[in-house]
Amino acid sequence: MKILVINAGSSSLKYQLIDMDTRDVIAKGLAERIGMDSSRLTHRYGADCAEKYVVDTVFKDHTSAIQMVLDALVDAQHGVIADTKEIGAVGHRVLHGGDKFTASCIVDDACKNAIRACYPLGPLHNPANLQGILACEKVMPGTPQVAVFDTAFHQTMPPKAFMYGVPKKYYDKHAVRRYGFHGTSHRYVSGRAAQLLEEKGYKHDKMIVAHLGNGSSLSAVVDGKCVDTSMGLTPLEGVLMGTRSGNVDPAVVEFIANLENLSVTNTLTMLNKESGLLGISGVSSDMRDVNAAADAGNENAKLALDMWQYGIKKYIGAYAAAMGGLDTLIFTAGIGENDALGRWKVCEGLEFLGIKIDPEANKVRGEEKLISTPDSKVSVWVIPTNEELAIAMDTLELTSK
Ligand code: AMP
């Protein structure tokens with residue numbers, strides 16, 4: 001079966017068409033500037049999706065963008081399928097499932113209503129995600145659709161991990177709590193690790209997954225179930241990220257707002273978009289640029305790296321304590337998969353926890369590999385994430401029932 005995976009944002013939409021027999025991505029692309037005066041579809045196809053077809057046009061809404069994606073998929077010259085009926089199902093990434101979704105679900109009226117009910121929790125993403133779903137319903141009537149939630153994997157956290165120390169009435173009235181994000185990645189990577197470690201005979205009851213990308217989060221996973229994660233009500237909480245501050249004293253918001261004459265909303269925008277690696281280094285939110293600036297002697301870039309490494313190290317220690325031990329540490333996402341020095345620095349000094357990295361093995365980039373020494377008590381791995389494949393696998397499973 002071929003499955004179309006859609007990640008719809010407010011003005012853009014990413015897609016992949018995956019052949020589930022081979023698990024190959026047969027086409028992928030991006031529709032940009034939806035609802036604006038000029039829009040663009042960039043469609044990639046062919047071996048390793050190396051061929052490119054660009055259409056400059058106007059997408060007045062998500063429906064016209066999805067229609068253009070389907071047109072490109074069946075295009076006589078640049079298409080990869082003869083008929084859109086070859087698409088057996090569509091899987092959608094949905095940001096926030098609140099506490100309503102512990103797993104992916106077939107899109108029906110109840111599912112759509114529940115996505116709407118979570119608008120206050122994901123005010124930017126959930127409406128866009130639903131627009132993507134409604135657009136597919138219009139242009140592909142009868143094709144089953146599945147919603148896969150970024151928050152679902154973390155729903156197994158116990159209350160002691162997901163509650164905030166604010167009056168409980170805010171949880172009772174407004175569902176204010178830790179939800180966590182990147183759940184599809186944490187689930188895919190921890191599942192893949194369990195499979196791999198089982199085959200190789202490694203212990204894997206207590207895992208930490210470090211998803212380190214532009215957005216970063218860590219999760220503690222016991223027997224395949226998430227027991228804690230670093231992101232919170234929103235993706236702002238946790239470690240230092242590309243442009244997000246991660247944890248700060250909440251009083252910082254009022255303090256800066258007053259001194260700089262900013263609104264709370266503007267201050268939060270600053271914490272989300274102007275902080276993190278970018279805000280400290282003053283160079284870039286991209287780790288490659290920050291690494292290069294630090295190598296060239298930029299002190300602010302060096303500080304940003306120190307803060308990034310130190311913050312992640314602290315979470316590893318905290319989660320090892322929370323789980324009462326650690327068997328497996330996994331690095332994934334753009335930085336986790338590619339930045340050997342970053343991984344080394346994060347693990348440096350954690351020998352007391354049983355973590356010993358093999359510098360040679362650690363030279364790996366973007367492939368599944370054991371990077372700890374044979375005598376390391378904790379096995380440390382690089383496992384590339386694949387959120388689109390995870391969404392497609394859920395979609396296949398739910399629509400094949
Ligand atoms: P993601 O959000 O998972 O796509 O990850 C994006 C982040 O990965 C950016 O900060 C990139 O700079 C970082 N990244 C990608 N390749 C490398 C690399 N070779 N070394 C360091 N960071 C990298």
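Whatever order the structure lists them in is the order used to number ligands and atoms, beginning at 1.
Residue Ala333 places no N or O, backbone or side chain, under 3.5 Å from any N or O of ligand 1.
In this structure, atom 22 (N) of ligand 1 has a protein heavy-atom contact shorter than 4.0 Å.
Looking only at heavy atoms of the protein, atom 10 (O) of ligand 1 is closest to Met287 N, 3.0 Å. Protein heavy atom closest to atom 12 (O) of ligand 1, with residue, atom name and distance, is Asp286 OD1, 2.3 Å. Here the heavy atom of the protein found nearest to atom 14 (N) of ligand 1 is Gly334 O, 3.6 Å. Ile335 CG1, 3.7 Å is the protein heavy atom nearest to atom 7 (C) of ligand 1. Nearest to atom 18 (C) of ligand 1 among the protein's heavy atoms is Asn338 CB, 3.4 Å.
A ring-centre distance under 6.0 Å is not found for His154 and Phe181.
Geometric assessment of Arg177 against the ring of Tyr171 yields a negative cation-pi assignment under the 6.0 Å and 45° thresholds.
Just one of Leu134, Ile133, Leu13 meets the side chain to side chain contact (heavy atoms under 4.5 Å, CB included) condition when paired with His62; it is Leu13. Looking at Val364, Ile357, Asn338, Val380 one by one, the single match for side chain to side chain contact (heavy atoms under 4.5 Å, CB included) with Arg343 turns out to be Val364.
Close approach of ligand 1 to Gly213 is summarised as follows: ligand atoms under 4.0 Å from at least one heavy atom of the residue are 1 (P), 2 (O), 3 (O), 5 (O). Short contacts between ligand 1 and Asn214, defined as distances under 4.0 Å to a heavy atom of the residue, involve ligand atoms 1 (P), 2 (O), 5 (O), 6 (C), 7 (C).
A salt bridge does not link Lys14 to Glu388: none of the charged side-chain nitrogens sits closer than 4.0 Å to a carboxylate oxygen. With respect to Arg40 and Asp56, a salt bridge is recorded, a charged nitrogen being found less than 4.0 Å from a carboxylate O.
For Tyr188, there are no ring pair (Phe, Tyr, Trp, His ring centres under 6.0 Å) partners at least two apart in sequence or on another chain.
Using a 4.0 angstrom heavy-atom cutoff, His211 does not count as in contact with ligand 1.
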